[in-house]
Number of protein chains: 2
Amino acid sequence: MMNTKNTDQITIFKALADSVRLDIIEYLKHNDHEVSCGEVGKALNISKTSGSYHFKLLQEAGIITTRKEAREKYVSLNSKTFDKYVTNFYKNI
Amino acid sequence: MMNTKNTDQITIFKALADSVRLDIIEYLKHNDHEVSCGEVGKALNISKTSGSYHFKLLQEAGIITTRKEAREKYVSLNSKTFDKYVTNFYKNI
DNA sequence: AAAATAGTTCAAATGTTTTTGAACTATTTA
DNA sequence: TAAATAGTTCAAAAACATTTGAACTATTTT
């Protein structure tokens with residue numbers, strides 16, 4: 001602990017502070033099967049380009065993990081990141 | 001549950017997604033005594049104007065509670081907000 | 001081999017947040 | 001009563017985030 005610059009923490013909260021990304025996270029949380037970017041985009045009406053942008057941000061924050069298989073990119077939530085930076089945030093600051 | 005618009009949730013995450021505000025929160029968490037905006041501002045080197053802006057955002061998000069006494073404004077953390085929107089976020093989406 | 005599909009990248013346009021300084025209100029101290 | 005202190009408000013400037021469409025790569029289907 002003894003946080004001086006908080007950069008990772010800010011990256012996480014920024015990534016969570018957007019309705020498109022919150023919708024993506026919600027969708028992933030409620031879906032057991034492995035899901036592609038395209039499926040999420042179609043389900044939530046997000047354009048390809050905008051989807052690409054948001055998935056990249058989520059990935060850079062460590063919120064999702066991605067796996068590329070041929071043409072498609074599969075995404076899944078990284079629950080450890082939530083544990084560390086969200087669920088335990090208040091306790092740890 | 002069964003979130004459709006997430007507006008409060010986004011307000012909270014936006015409020016948390018800034019280094020000045022995270023520093024303020026950290027300062028308040030580690031201080032038992034009641035603290036004024038001015039004390040925080042001095043301790044963290046935030047200008048009056050910028051402090052005023054950030055305290056207002058934190059208040060609007062429900063992250064701090066304020067009490068005005070004569071010239072000064074005392075601020076304290078609202079742990080219930082963290083419980084509801086941060087600590088239990090992942091569980092509840 | 002051509003067409004379709006999945007996703008990325010780029011730059012421009014648009015939108016939102018943050019910082020700044022000056023002017024302000026209200027209260028307290030000299 | 002004048003000066004000092006605590007904080008707010010405003011508008012402009014600066015900084016940052018998001019959306020868009022077009023052009024692109026790579027893979028799969030026809």
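Residue numbers begin at 1 in each chain, while the letters A, B, ... track the order of the sequences. Every heavy atom of this structure was used, including side-chain atoms; hydrogens, water molecules and symmetry mates were not.
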Measure from CD1 on B:Ile10 to P on C:dT16 and round the result to the nearest Å.
13 Å
B:Lys29: partners by side chain to side chain contact (heavy atoms under 4.5 Å, CB included), with sequence neighbours left out:
A:Tyr90, A:Ile93, B:Leu77
Roughly, in whole Å, what's the span from NZ in B:Lys68 to P in C:dT28?
11 Å
Indicate yes or no: at least one non-hydrogen side-chain atom of B:Asn6 is less than 4.5 angstrom from one of A:Glu26.
yes
Side chains of A:Tyr27 and A:Leu44 in contact at under 4.5 Å (non-hydrogen atoms)
yes
Quick check: do B:Phe13 and B:Phe89 have side-chain heavy atoms less than 4.5 Å from each other?
yes
Can you measure A:Leu58 atom CG to C:dT8 atom P for me and round it to whole angstrom units?
12 Å
Side chain to side chain contact (heavy atoms under 4.5 Å, CB included) partner of B:Leu28, chosen from B:Ile63, B:Val40, B:Asn78:
B:Val40
Would you mind building the protein contact string for nucleotides 24-30 of chain D? One character per nucleotide, 5' to 3', B for base within reach (heavy atoms under 4.0 Å), S for sugar-phosphate only, - for untouched.
---BS--
Nearest-Å distance for atom pair CD/P, residues A:Glu72 and C:dG7:
6 Å
With sequence neighbours left out, which residue pairs that include part of residues 40-63 of chain B fulfil the salt bridge (Lys or Arg N to Asp or Glu O under 4.0 Å) condition?
none
Please confirm whether the backbone N or O of A:Ala15 pairs with a side-chain atom of A:Arg21, one donor and one acceptor, at under 3.5 Å?
yes
Single-linkage hydrophobic cluster, 4.5 Å side-chain cutoff, A:Ile10 and A:Leu22 together
yes
Rounded to the Å, how far apart are B:Glu60 CD and C:dT17 C1'?
13 Å
By a strict heavy-atom criterion of less than 4.0 Å, which residues belonging to residues 34-41 of chain B are in contact with DNA chain D?
B:Ser36, B:Cys37, B:Gly38
Under 3.5 Å, is there a donor-acceptor pair between the side chain of A:Asn31 and the main chain of A:His33?
no
Protein-nucleic acid N or O pairs under 3.5 Å, nucleotides 16-19 of chain D:
{"residue": "D:dA17", "atom": "OP1", "partner": "A:Lys14", "partner atom": "NZ", "Å": "3.4"}
{"residue": "D:dT18", "atom": "OP1", "partner": "A:Asp18", "partner atom": "OD1", "Å": "3.4"}
{"residue": "D:dT18", "atom": "OP1", "partner": "A:Arg21", "partner atom": "NH2", "Å": "3.1"}
{"residue": "D:dT18", "atom": "OP2", "partner": "A:Arg21", "partner atom": "NH1", "Å": "3.4"}
{"residue": "D:dT18", "atom": "OP2", "partner": "A:Tyr53", "partner atom": "OH", "Å": "2.7"}
{"residue": "D:dT19", "atom": "OP2", "partner": "A:Ser50", "partner atom": "OG", "Å": "3.4"}
{"residue": "D:dT19", "atom": "OP2", "partner": "A:His54", "partner atom": "NE2", "Å": "2.5"}

Is any side-chain heavy atom of B:Thr66 closer than 4.5 Å to a side-chain heavy atom of B:Tyr74?
no
Calculate the interatomic distance between B:Asp23 atom CG and C:dT18 atom P; express it in whole Å.
14 Å
Grab the OH-P distance between B:Tyr74 and C:dT27 for me, whole Å please.
14 Å
Check side chain to side chain contact (heavy atoms under 4.5 Å, CB included) between B:Ser50 and all other residues, then give those that pass, not counting sequence neighbours.
B:Ile46, B:Ser47, B:His54
